[in-house]
**Student:** 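One structure, as structure tokens, below. Some questions next.
From a predicted model like this one, the values you see are computed outputs, not experimental measurements. Counting convention: from 1, in listed order, for ligands and their atoms alike.
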Amino acid sequence: MTLHLDNLRVRRLGECRYDSPFSEMLSTKQTSPHYVAEGDRVLLEDTVSMLAEHSLPSGEAPSFEAAGPRRKIYFDPAQVTAGIVTCGGLCPGLNNVIRGLVKELSVHYKVKRVLGFRNGLQGLTAEHRHDTIELTPERVRDIHSAGGTILGSSRGGQDADEMVDSLVLRGVDVMFVIGGDGGMRAATLLSEAIRARGLDIAVIGVPKTIDNDLPFTDQSFGFQSAFARATDFISAVSVEAAASPNGVGIVKLMGRHSGFIASYATLAANSADIVLIPEIPFALGGADGLLAHVEQHVRAKGFVVIVLAEGAGQDLLDERGLPQQNGRGTDASGNIKLGNIGELLKERITAHLTAVGLAPTMRYIDPSYAVRSIAANAYDSVYCLRLAHAAVHAAMAGRTEAAVARWRRRFVHVPLPLMTSRRNQVDPDGDLWMSVLETTCQPAEFGSAPARERVRTGFC
Ligand SMILES: Nc1ncnc2c1ncn2[C@@H]1O[C@H](COP(=O)(O)OP(=O)(O)OP(=O)(O)O)[C@@H](O)[C@H]1O
Ligand SMILES: O=P(O)(O)OC[C@H]1O[C@](O)(CO)[C@@H](O)[C@@H]1O
Ligand SMILES: [Mg+2]
């Protein structure tokens with residue numbers, strides 16, 4: 001889909017009439033390489049050729065509204081009740097975002113009240129809507145040093161109208177939804193239901209996912225911390241495999257549809273020979289297949305290290321139809337349950353190497369939740385705080401049906417439906433994957449795997 005300026009405009013609840021606590025500070029600020037002034041916009045595209053394709057005057061080129069404080073705001077802070085919910089899988093930095101929101105709302109805007117809804121969107125159902133946590137600066141003071149979320153999280157669908165009822169009954173004026181693609185979809189439906197009822201409630205999404213699979217954000221928060229942790233496991237199997245006869249080290253990492261964690265952790269550890277990601281199908285057998293390459297590595301240097309994203313090679317499991325390894329159906333949120341490609345590779349590599357007289361020492365690690373349950377690292381901590389500030393400024397200025405995101409290093413407002421309009425994936429023709437190939441020296445493809453669909457947008 002070609003995006004035009006009108007697709008990128010963010011909805012406003014109405015005219016901003018109240019002075020913002022930042023009015024004075026903003027009076028002299030201008031756009032610079034380090035600041036985007038109120039009213040300025042951030043271009044969607046950043047190459048000369050992409051801009052030239054539109055041949056539009058710069059004011060009409062597709063661009064995002066810059067995030068940040070406004071001199072005038074829509075809501076009277078003294079009357080505002082804010083709500084916060086975290087949904088979907090855990091992600092490093094959730095507590096940092098909660099803390100950042102609460103402190104910005106309370107300390108600077110001095111809003112009346114901040115409510116935390118518990119256990120994801122379940123907390124917005126009729127049954128649970130009264131079981132909230134009063135979020136004060138004191139309550140959140142130390143939460144950022146821990147992983148997880150003090151609010152709890154969940155998967156599973158809720159009725160949008162029931163959620164709106166909860167906001168009305170609890171007097172919520174501005175609602176912050178911290179979630180991944182599912183959370184952003186739910187926030188979009190919630191906003192639509194609010195609009196349909198003509199209510200004056202702002203909904204702002206804060207996109208999170210360790211998988212980095214959301215579009216229109218340079219990287220999602222938590223991703224850096226997660227791949228940094230994943231790096232430790234690659235280093236561990238590399239050491240183990242190198243010290244073992246015919247050592248085979250395999251690390252299976254999270255990444256349902258996108259191989260960003262596997263790719264970045266591989267680059268950081270810089271010790272893997274092969275990386276397998278969902279975006280690039282691979283064949284096991286044949287002269288150019290994965291098994292032949294594994295054998296070559298073991299013969300040439302005595303061991304091999306493989307990094308595997310959990311969503312890679314799912315077609316191979318389908319072919320085999322093994323119930324214990326195949327995914328079955330979907331989870332409560334409708335996400336496809338994946339088959340265990342790690343177990344399949346372990347089994348097939350062991351059988352192949354044994355058959356050619358290289359019986360392997362298998363070192364297999366599936367760190368699973370260990371990469372996402374940790375606290376945010378220093379980079380993500382800063383990032384989460386700044387996203388939280390941007391989210392509060394957006395809501396108080398009456399922006400709604402929008403997410404806050406970092407785009408080409410600037411903080412921007414992205415219309416919520418866009419956040420789920422496509423999936424961010426590693427582009428096999430992009431420079432990230434080229435760096436992976438340069439680092440591992442693996443072939444661009446293993447064997448004659450099924451043709452892959454061309455990835456349309458890889459942002460990293
Ligand atoms: N299409 C949808 N419509 C309404 N609600 C949805 C939809 N998709 C997901 N949700 C709700 O959003 C919440 C979070 O979704 P999900 O469990 O998919 O996690 P997520 O936000 O995508 O996070 P992550 O993928 O990073 O774990 C769930 O409560 C789910 O029911
Ligand atoms: O076991 P859960 O909570 O469903 O989460 C697993 C999924 O969550 C993620 O961490 C984020 O979507 C995926 O990488 C992973 O497949
Ligand atoms: Mg998701």
**Student:** Which residue owns the protein heavy atom closest to atom 25 (O) of ligand 1, what's the atom, and how far is it?
**Tutor:**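 Going atom by atom, the protein heavy atom closest to atom 25 (O) of ligand 1 ends up being Asp181 OD1, 3.6 Å.
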**Student:** Please answer whether the main-chain N or O of Phe227 pairs with a side-chain N or O of Thr231 as donor and acceptor at a distance below 3.5 Å.
**Tutor:**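 It does hold such a pair.
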**Student:** Is it the case that the side chain of Glu401 and the backbone of Leu416 share a donor-acceptor pair, with hydrogens and angles ignored and the cut-off at 3.5 Å?
**Tutor:**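 Here the side-chain-to-backbone pair does not exist.
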**Student:** So which of Glu310, Met254, His257, Lys337 gets nearest to atom 16 (O) of ligand 2, if we judge by its closest heavy atom?
**Tutor:**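 Result: the heavy atom closest to atom 16 (O) of ligand 2 is in Glu310.
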**Student:** Report, in ascending order of atom number, the atoms of ligand 1 lying under 4.0 Å from any heavy atom of Leu189.
**Tutor:**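 Those atoms are 3 (N), 4 (C).
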**Student:** Within ligand 2, which atoms have a heavy atom of Arg372 less than 4.0 Å away?
**Tutor:**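 This gives 2 (P), 3 (O), 5 (O), 6 (C), 7 (C), 8 (O), 9 (C), 10 (O) as the contact atoms.
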**Student:** Quick one: does Asp173's side chain have a donor or acceptor within less than 3.5 Å of a partner on Ile201's backbone?
**Tutor:**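 Checking the backbone N and O of Ile201 against the side chain of Asp173, no donor-acceptor pair under 3.5 Å is found.
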**Student:** Enumerate the atoms of ligand 2 whose separation from the nearest heavy atom of Tyr369 is less than 4.0 angstrom.
**Tutor:**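 Within the 4.0 Å cut-off of Tyr369, ligand 2 contributes 1 (O), 2 (P).
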**Student:** Can you give me the closest heavy-atom contact between Arg70 and Ala397, atom names plus distance?
**Tutor:**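 Taking Arg70 first and Ala397 second, the nearest heavy atoms are CG-CB, 4.1 Å.
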**Student:** What part of Met184 sits under 4.0 Å from ligand 1 if we count only heavy atoms: the side chain, the backbone, both or neither?
**Tutor:**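 Met184 to ligand 1: no contact under 4.0 Å from either part.
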**Student:** Distance to 0.1 Å, residue and atom name: give those for the protein heavy atom nearest to atom 5 (N) of ligand 1.
**Tutor:**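 Here the closest protein heavy atom is Ala186 CB, 3.5 Å.
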**Student:** How far is atom 13 (C) of ligand 1 from the closest protein heavy atom, and which atom is that?
**Tutor:**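 For this ligand atom, the closest protein heavy atom is Leu121 CD1, 3.8 Å.
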**Student:** Going by the atom numbers of ligand 2, which of them fall below 4.0 Å from some non-hydrogen atom of Gly255?
**Tutor:**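 Per the distance check, 14 (O).
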**Student:** I need the contact type for Ile210 against ligand 2. Using non-hydrogen atoms and a strict under-4.0 Å cut-off, is it side chain, backbone, both or neither?
**Tutor:**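 Looking at Ile210 and ligand 2, just side chain atoms fall under 4.0 Å.
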**Student:** How about Thr361 and Ser244: does a side-chain donor come under 3.5 Å of a side-chain acceptor?
**Tutor:**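 There is no such pair between these side chains.
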**Student:** Distance under 4.0 Å to a non-hydrogen atom of Ser333: what atoms of ligand 1 satisfy this?
**Tutor:**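 Taking each heavy atom of Ser333 in turn, ligand 1 has 15 (O), 16 (P), 17 (O), 18 (O), 28 (C), 30 (C), 31 (O) under 4.0 Å.
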**Student:** For the pair Asp211 (side chain) and Asp213 (backbone), establish whether a donor and an acceptor sit closer than 3.5 Å, ignoring hydrogens and angles.
**Tutor:**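 No.
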**Student:** Using atom types as modelled and distance alone, determine if a side-chain donor or acceptor of Ser106 lies under 3.5 Å from a backbone N or O of Lys103.
**Tutor:**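 Between the backbone of Lys103 and the side chain of Ser106 there is no qualifying donor-acceptor contact (under 3.5 Å).
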**Student:** Please identify which atoms of ligand 1 are closer than 4.0 Å to at least one heavy atom of Gln158.
**Tutor:**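 Result: 29 (O).
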**Student:** Starting from atom 26 (O) of ligand 1, which protein heavy atom do you reach first, and at what distance in Å?
**Tutor:**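 Closest protein heavy atom to atom 26 (O) of ligand 1: Lys208 NZ, 2.9 Å.
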**Student:** Under 3.5 Å, is there a donor-acceptor pair between the side chain of Ser333 and the main chain of Asn335?
**Tutor:**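 Absent.
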**Student:** Looking only at atom types and distance, does a side-chain atom of Ser258 sit under 3.5 Å from a main-chain N or O of Phe260, one as donor and one as acceptor?
**Tutor:**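 No, the answer is negative, given that no donor and acceptor are paired below the 3.5 Å cut-off.
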**Student:** Quick check: of its N, O or S atoms, which one does Asp181 have closest to the Mg ion (ligand 3)?
**Tutor:**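 Checking each N, O and S atom of Asp181, the shortest distance to the Mg ion (ligand 3) belongs to OD1.
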**Student:** If the cut-off is 4.0 Å to any non-hydrogen atom of Asn335, which atoms of ligand 1 fall inside it?
**Tutor:**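 Matching atoms, with element in brackets: 16 (P), 17 (O), 18 (O).
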**Student:** Return the closest protein heavy atom for atom 14 (O) of ligand 2 as residue, atom name and distance.
**Tutor:**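 Result for atom 14 (O) of ligand 2: Asp211 OD1, 2.8 Å.
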**Student:** With a cut-off of 4.0 Å, which atoms of ligand 1 are near a heavy atom of Gly180?
**Tutor:**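 Near Gly180, the atoms of ligand 1 are 20 (P), 21 (O), 22 (O), 23 (O).
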**Student:** May I ask you to check whether Arg12 and Thr400 show a side-chain donor-acceptor distance below 3.5 Å?
**Tutor:**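 No, no side-chain donor-acceptor contact under 3.5 Å.
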**Student:** How close does the nearest protein non-hydrogen atom get to atom 1 (N) of ligand 1, and which residue and atom is it?
**Tutor:**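 Result for atom 1 (N) of ligand 1: Arg185 CD, 3.3 Å.
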**Student:** Can you tell me if, anywhere in Asp211, an N/O/S atom lies at a distance from the Mg ion (ligand 3) that is smaller than 2.8 Å?
**Tutor:**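 Not a single backbone or side-chain N, O or S atom of Asp211 is under 2.8 Å from the Mg ion (ligand 3).
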**Student:** Looking only at protein heavy atoms, which one is nearest to atom 2 (P) of ligand 2, and what is the separation?
**Tutor:**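 Checked against all protein heavy atoms, atom 2 (P) of ligand 2 sits closest to Arg155 NH2, 3.5 Å.
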**Student:** Is a side-chain donor-acceptor pair under 3.5 Å present for Asn96 with Tyr383?
**Tutor:**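 No, no side-chain donor-acceptor contact under 3.5 Å.
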**Student:** Can you confirm, on distance only, whether ligand 1 has an N/O atom lying under 3.5 Å from any N/O atom belonging to Gly183?
**Tutor:**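 Yes - when backbone and side-chain N and O of Gly183 are compared with those of ligand 1, one distance drops under 3.5 Å.
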**Student:** Name the orientation class of the two ring planes belonging to Phe216 and Phe64 (parallel below 30°, tilted from 30 to 60°, perpendicular beyond 60°).
**Tutor:**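 Judged by the thresholds at 30° and 60°, the geometry between Phe216 and Phe64 is perpendicular.
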**Student:** Relative to the heavy atoms of Gly156, which atoms of ligand 1 are at a distance of less than 4.0 Å?
**Tutor:**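 That gives atoms 28 (C), 29 (O), 30 (C), 31 (O) of ligand 1.
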**Student:** As an exercise, identify every atom of ligand 1 less than 4.0 angstrom from a heavy atom of Gly89.
**Tutor:**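 With Gly89 as reference, the close atoms of ligand 1 come out as 23 (O), 24 (P), 27 (O).
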**Student:** Measure the distance from atom 6 (C) of ligand 1 to every protein heavy atom, then report the residue, atom name and distance (to 0.1 Å) of the closest one.
**Tutor:**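 Answer, as residue, atom name and distance: Gly182 O, 3.8 Å.
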**Student:** Of the protein's non-hydrogen atoms, which lies at the shortest distance from atom 7 (C) of ligand 2, and what is that distance?
**Tutor:**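 Ranking protein heavy atoms by distance from atom 7 (C) of ligand 2, first comes Arg256 NH2, 3.4 Å.
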**Student:** Are any side-chain N or O atoms of Glu279 and backbone N or O atoms of Gln425, one a donor and one an acceptor, separated by less than 3.5 Å?
**Tutor:**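 Not at all, since once roles are kept as given, no pair shorter than 3.5 Å links the two residues.
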**Student:** Step by step, would you call His130 with Phe117 a ring-ring contact (aromatic ring centres under 6.0 Å, His included)?
**Tutor:** CA-CA 8 Å; His130 292 287; Phe117 290 89; 9.5 Å; no
**Student:** I'd like to know if the side chain of Asp181 and the backbone of Thr420 have a donor-acceptor N/O pair within less than 3.5 Å.
**Tutor:**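 Here the side-chain-to-backbone pair does not exist.
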